[in-house]
Amino acid sequence: MNRFSLIFSCIVGLIFQLSVNAQKDKAQNPLIFADVPDMSMIRVGDTYYMSSTTMHLSPGVPIMKSTDLVNWKIVNYAYDRLGEVDALNLKNGEAAYGRGSWASCIRYHNGTFYVLTFAATTGKTYVFSTEDIENGPWKETSFEPSYHDLTVHFDDDGKVYMIWGAGKLMIAELENDLSGVKKGTKRVLIENASAPAGDNIMLGAEGSQLFKINGTYYLFNITWPRGGMRTVLVHRADHINGPWEGKLALQDKGVAQGGLIDTPDGKWFSYLFRDYGSVGRIPYLVPVVWEDGWPILGKNGKVPDTLNVPPSEGLIPNIVASDEFERKKNDPTLPLVWQWNHNPVDSLWSLKDRKGYLRLRTGRVDTSFVQARNTLTQRTIGPVCTGETALDISKMKEGDFAGLSLLQKNYGLLGVKFENGEKRMVMVNTEDGTPKEQEAIPLIQKKIYLKASCDFTDKKDEAQFYYSLDGKNWSKIGTTLKMSYTLPHFMGYRFGLFNYATAQSGGYVDFDYFRIKNERD
């Protein structure tokens, strides 16, 4: 190689390395590679708060905090328990999968934070309010009926408006204390809000989020043209009563549903999410510029892969986290990354009965994993992740089944079954809603180590289960779980620690730890 070629190669290499380093210094889309759908967002000073959807899980409506729009931390929930109906308590064969609460709206007004949501499960619309969003306490108000995909706006004249619906969007005034809808104020806001996306619509405009910027009202919605993709629509008006004009705002990768947020230094973004297979619906951040009074989303109509904001520091431990189940004085009993599958029975779980362990007791007989109470869950995260646990199985009773799960309708389980006086380690793979044992291994020891590994890269959506007898040497067990996002659960896969009885109640298992990493073993 001559001198000129060598110098040229060095320059090219330097430019490439600078480019790589520059990429590392920027945030990447997706913003959060985990199931955080239906986001609603506000900025109070230089701090951002976001609410999201967790459907049937308890506690519900997670509140996340960020100072840079990229790195988010769960700081609270709007409620511990949504209600005590059979569906939320997994009683009498009922369940709230795919229901519970979703599509919340978070707002800040006169020193008070408000989170509104609705639940077809209870038939109510809920208003949660607090002056301290990170610590509470929350005041709860509810009224009937359940208003679908609502957004709330505190207007300059003191009136409070609520918009809801799909396709045909409705509007009404709320009472000043948000205790219900003012009589005689309910009316049609936009007869056919989907119109800017054409007349062949599969999903009518929904997911309303309203903003007032420089005196103009902007209404964000999602719609889905038949044969197309999820699409962002924006309507604007000079008066809340209209007239409204609308336009198609973004149609790329199916990234849609969300709203607008600005930074203290005047930058604008749209927060949206994307359906991404079995990991769930994952948040994206899209830059916004203003032209002729319209927000223009994306770069040349596309969702960028990188953003000119600080890079992510990862989702561990602020969105998901390992837990050794060791608690010091003033520690929370359960960190906020944990949620129960439906309402828990608090008398049947403990971190005090055995120091450094989570104890799950059985309290009734169940016929299936998805009907079992007190399954403790965390999100899976992408592009790959692994969850690991160890459990003491010495106090199980005949008919008990306990272990590590990947929870969705087509779930996977790895655990210990106690049947006919013998314990077996069993891997269960669910396809088309039918769970089947794929492999079973006899056990004689008291402690067992379990691991589940997920690959969501390019929607590969595959998971493997592993076991160990000593916590060091691991073996694959069973078959590959082909994960699939299903509407009956309407949620990305979640790791779960479970224990349920099929013959008699009163047995228990002790989980030593749960460890998660953003790697695949």
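Start at 1 with the first residue, then count along the sequence. Since the structure is predicted, the reported quantities are computational estimates derived from the model, not experimental observations. Only heavy atoms go into these numbers, but all of them, side chains included; no hydrogens, no water, no symmetry mates.
W338 pairs with exactly one of F514, W349, F511 by the ring-ring contact (aromatic ring centres under 6.0 Å, His included) rule, that one being F514.
Remark: Y114 OH to C105 SG distance equals 12.5 Å, nearest 0.5 Å. Interatomic distance, L169 CG to S194 OG, rounded to the nearest 0.5 Å: 7.5 Å.
By the 6.0 Å contact criterion, CG on N300 is open, its count of non-hydrogen atoms from other residues, nucleotides or ligands being 12 or less.
A donor-acceptor contact under 3.5 angstrom links the side chains of Q339 and R494, judged on distance only. A donor-acceptor pair shorter than 3.5 Å can be found between the side chains of E388 and Y513. Side-chain contact check for D68 and S66: at least one donor-acceptor pair (N or O, by modelled atom type) lies under 3.5 Å.
Look at D35 and R379 and you find no salt bridge, because none of the NZ, NE, NH1 or NH2 atoms lies under 4.0 Å from a carboxylate O. A salt bridge between D177 and K139 is absent, with no side-chain N of the basic residue lying under 4.0 Å from a carboxylate O of the acidic one.
Taking the ring centroids of F456 and Y276, they lie at or beyond the 6.0 Å cut-off. Aromatic ring centres of Y271 and W72: separated by at least 6.0 Å. The six-membered or imidazole ring of Y97 lies near that of H56, with a centre-to-centre distance under 6.0 Å.
Qualifying side chain to side chain contact (heavy atoms under 4.5 Å, CB included) partners for A463, counting only residues two or more places apart in sequence or in other chains: L406, C454, L481, M483.
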